[in-house]
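As structure tokens, the structure follows; a few thoughts come after it.
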Number of protein chains: 2
Amino acid sequence: MTSVLVIDDDALLLRALQINLSAREYQVSTASDGRSGLAAMARERPDVVIVDLGLPDIDGTDVIQGIRGWSSAPIIVLSARGQENQKVDALDAGADDYVTKPFGINELLARLRAATRRAAAPSDDEPAVATEDFTVDLVAKRVVLASGADVRLTPTEWQLLEVLARNRGRLVTGRQLLHDVWGPAYGTETHYLRVYMAQLRRKLEPDPARPRYLLTEPGMGYRMSGD
Amino acid sequence: MTSVLVIDDDALLLRALQINLSAREYQVSTASDGRSGLAAMARERPDVVIVDLGLPDIDGTDVIQGIRGWSSAPIIVLSARGQENQKVDALDAGADDYVTKPFGINELLARLRAATRRAAAPSDDEPAVATEDFTVDLVAKRVVLASGADVRLTPTEWQLLEVLARNRGRLVTGRQLLHDVWGPAYGTETHYLRVYMAQLRRKLEPDPARPRYLLTEPGMGYRMSGD
DNA sequence: GGCAGGCGTAAAGAAATCGTCAAGGCGTCA
DNA sequence: TGACGCCTTGACGATTTCTTTACGCCTGCC
């Protein structure tokens, strides 16, 4: 059974999630502030964590960093509207995905499933990431289309694809992509991303104008879809 | 049981790794600075070493060189964000792999497995690598053309071909080729590669100007094709 | 409707990388 | 000593990639 820790200061929301998730065979534990959340995290070792960004005592980003210091459990962030910057910070700090309040329970459940599925896979050591239309071989540094044809990628294209593939299913912020591919000094030059994402799509997507794998999350970043 | 030595000045991280790796049947010893790390290295003779780049007393690259002076145990480097340059230096100095902090325990475990696997099976998976036009006999250290004629290779040409053949289908970076053939100090002298690749192609390729086996991946490295 | 901001696409000049030829150095061996 | 093989180094054109500019599209907002 999958265990979930929810950290949020809204008692009503906690209760609602407890009921809804328990009914879906999740084992739920809760905490109402950052301090007790981190304590519960160490105590319970949950499979997934859901964290609200607007905690009373500790900044949500710091909570995420505190968790990421020693755990790789998937983290899903809850945020109110208008907290765009905090959302990006949270993702940069190591969160996997985010949901904006108010949200439907179905959306959260979908994110939960995606997160646990990803964590269950041996993830790294995984020599290749495969989709229906192409396979990214992370060891051989090769991309093969379903037709069997090799795709020639330039070094930058490859690095970009590698970051997205290693984080498949999770949202990667533009800042993180720029940092990992171009280096620490390129925090805001999002133009590169647009150019190179277009090139990757042209080479990999069946219909580059309507991407199926290399998805844009407006205002946030990019994501390689999990399917 | 595989023994691991972890050299890092972060006491929390040491403790976390000790717990996590011990649970996975690794025998863990630790050191919190470069000096005691090198001492522990000589004392314990671990199968794998994990080294942090930001040690308080000795530069991480120097620690790696100190180890590489007399041991060929796999070295995995830990580096914080923004230490890109040091990472490259560390690989040039002889490190085998690197992990960027913060990292998940699963990622580290995967790298550990990969490192020990590589070290355990240094060679002899395949006694020979054959193509339609020539055969590379890795045991006899010979190359025979389809016509039956022997190809005379110089020692350097042979070493280069051997690395490519053992990694057939996989992309091998210029740095790795230089490291394996010319030694750790030749991290950027890509000129050698160009000269020797041309010579190999002249001797092995049916049409050296349009290589079929010894392929260039511009900006990334070389690859011996899988066909 | 008009406007601003974020995103996608195409194309051209600048910069880096690669292939090739050839000359020089160094050691070995007759 | 001289010939030979091998490694190193230099030079230069050809090719590939990176960066930058320009423009069109869409969405949300006034």
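Residue numbers begin at 1 in each chain, while the letters A, B, ... track the order of the sequences. Computed from a predicted structure; not experimentally measured.
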Margin query: It should be established whether B:Arg194 places a side-chain nitrogen or oxygen under 4.0 Å from OP1 or OP2 of nucleotide C:dT17.
Written below: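 The answer is no; no side-chain N or O of B:Arg194 sits under 4.0 Å from OP1 or OP2.
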Check: Between C:dT17 and B:Thr190, is there an OP1 or OP2 to side-chain N/O distance shorter than 4.0 Å?
Finding: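 False: B:Thr190 side-chain N/O out of range (4.0 Å or more) of C:dT17 OP1/OP2.
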For atom [atom1] of [X] and atom [atom2] of [N], their distance in whole Å:
{"X": "A:Asp207", "N": "C:dT9", "atom1": "CG", "atom2": "P", "result": "10 Å"}
{"X": "B:Met197", "N": "D:dC7", "atom1": "CE", "atom2": "P", "result": "15 Å"}
{"X": "B:Leu178", "N": "D:dC7", "atom1": "CG", "atom2": "P", "result": "14 Å"}
{"X": "A:Arg202", "N": "C:dT9", "atom1": "CZ", "atom2": "C1'", "result": "8 Å"}
{"X": "A:Leu214", "N": "C:dT9", "atom1": "CG", "atom2": "P", "result": "11 Å"}
{"X": "B:Met220", "N": "C:dC18", "atom1": "CE", "atom2": "P", "result": "11 Å"}
{"X": "B:Arg175", "N": "C:dT17", "atom1": "CZ", "atom2": "C1'", "result": "15 Å"}
{"X": "A:Glu205", "N": "C:dG8", "atom1": "CD", "atom2": "P", "result": "12 Å"}

Next item on the list: Quick one, give me the B/S/- string for nucleotides 13-30 of chain D, reading 5' to 3', where B means a protein heavy atom under 4.0 Å from the base and S means that only happens at the primed atoms, P, OP1 or OP2.
Entry: ---SSSBBBB--------
Within the structure provided, determine whether [X] and [Y] are in side-chain contact (heavy-atom separation under 4.5 Å).
{"X": "A:Tyr98", "Y": "A:Leu91", "result": "yes"}
{"X": "B:Leu160", "Y": "B:Leu193", "result": "yes"}
{"X": "A:Leu13", "Y": "A:Val6", "result": "no"}

Check: With respect to A:Asp133, which candidate in A:Arg212, A:Arg201, A:Lys203 satisfies the salt bridge (charged side-chain N to carboxylate O under 4.0 Å, His left out) definition?
Finding: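 Running salt bridge (charged side-chain N to carboxylate O under 4.0 Å, His left out) over A:Arg212, A:Arg201, A:Lys203 with A:Asp133 returns exactly one hit, A:Arg212.
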Notebook entry, point to check: Closer to the 5' end of DNA chain C via nearest nucleotide, is it B:Arg201 or A:Ala209?
Noted result: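 So the residue in question is A:Ala209.
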Note to self: Testing the 3.5 Å rule here: is there a donor-acceptor pair between the side chains of A:Thr173 and A:Asp92?
What the structure shows: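 The criterion, which ignores hydrogens and geometry beyond distance, is satisfied for A:Asp92 and A:Thr173.
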Check: Salt-bridged, A:Asp52 to A:Lys101, with N to O below 4.0 Å?
Finding: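 Yes.
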Check: Salt bridge check: are A:Arg142 and A:Asp150 linked by an N-O gap of less than 4.0 Å?
Finding: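 So A:Arg142 pairs with A:Asp150 through a salt bridge.
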